[in-house]
Amino acid sequence: MEGCLFCEIAEKKRPAEVVFETDEVVIFKDANPKARVHLLVVPKKHIASVKDATDGDRALFGGLILAARDAAARENLAGYKLLFNVGRDGGQVIDHVHLHLIAS
Ligand code: AMP
Ligand code: ZN
């Protein structure tokens, strides 16, 4: 998606501290971490918000959660939070779906 920050990170047009990547997902460090560990789990497919997902995206969302679980395991995290902010009123600032993985 033209002009989308997270698409540009996924396409390597902008720098980010990428910790893991597959054909479907890229995981990078949040530039303004709210906790000791704060990763963003981002689908390479542009979907603006959870609100904009379709039935065809069910597997993609399952994949995001399991990619986050695997990233947490690699970081040896005993526990963590997984969070989607949805819409401006839900705190979403970047209009490309991302799952926050947060741990103190
Ligand atoms: P949200 O409020 O759910 O849309 O979260 C957007 C997140 O993206 C925030 O936690 C920001 O700190 C983070 N962020 C913004 N720009 C960048 C960037 N260039 N690289 C990494 N993280 C970013
Ligand atoms: Zn995008």
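Numbering of residues begins at 1 and proceeds along the displayed sequence. Keep in mind it's a predicted model, so treat the numbers as computed, not measured.
Residue pairs meeting the salt bridge (charged side-chain N to carboxylate O under 4.0 Å, His left out) criterion with at least one partner in residues 82-100, sequence neighbours excluded, are Arg88-Asp95. Under the ring pair (Phe, Tyr, Trp, His ring centres under 6.0 Å) criterion, the residue pairs touching residues 53-79 are Phe61-Phe84, with sequence neighbours excluded. Note on residues 37-46: pairs passing salt bridge (charged side-chain N to carboxylate O under 4.0 Å, His left out), not counting sequence neighbours, are Glu21-Lys44, Lys45-Asp57. For the salt bridge (charged side-chain N to carboxylate O under 4.0 Å, His left out) condition, the pairs that include at least one residue of residues 58-68, sequence neighbours left out, are Asp55-Arg58.
Residues that satisfy the side chain to side chain contact (heavy atoms under 4.5 Å, CB included) test with Asn32, not counting sequence neighbours, are Asp30, Lys34. Checked against salt bridge (Lys or Arg N to Asp or Glu O under 4.0 Å), Arg14 has the following partners two or more places apart in sequence or in another chain: Glu8. Under the ring-ring contact (aromatic ring centres under 6.0 Å, His included) criterion, Phe20 pairs with no residue, sequence neighbours left out. Checked against salt bridge (Lys or Arg N to Asp or Glu O under 4.0 Å), Lys29 has the following partners two or more places apart in sequence or in another chain: Glu17.
In this structure, Ser49 and Gly87 approach most closely via the heavy-atom pair OG-N, 4.2 Å. Between Leu60 and Pro43, the shortest heavy-atom contact is CD2-CB, 3.9 Å.
Environment of NZ in Lys12: crowded, with over 12 heavy atoms of neighbouring residues, nucleotides or ligands closer than 6.0 Å.
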Using distance only, find each side-chain donor-acceptor pair of residues 66-82 under 3.5 Å and give its atom names and separation, not counting sequence neighbours.
none

Below 3.5 Å, can you tabulate the donor-acceptor pairs from side chains in residues 97-104 to any protein atom, sequence neighbours excluded?
residue	atom	partner	partner atom	Å
His98	ND1	His96	O	2.6
His100	ND1	His38	NE2	2.8

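Ile94 belongs to a hydrophobic cluster whose other members, connected by ILVMFWY side-chain contacts under 4.5 Å either directly or through intermediates, are Leu5, Phe6, Ile9, Val18, Val26, Phe28, Leu40, Val42.
Residue Met1 is not grouped with residue Val25 when hydrophobic side chains (ILVMFWY) are merged at heavy-atom distances under 4.5 angstrom, including chains of intermediate members. Linking ILVMFWY residues whenever their side-chain heavy atoms come closer than 4.5 Å, directly or via other members, leaves Leu83 and Val86 in distinct clusters.
The NE2 atom of His46 sits 11.5 Å away from the CD atom of Glu2 when rounded to the nearest 0.5 Å.
Among Thr22, Leu39, Leu64, the single residue meeting the side-chain contact (heavy atoms from CB on, under 4.5 Å) criterion with Ile27 is Leu39.
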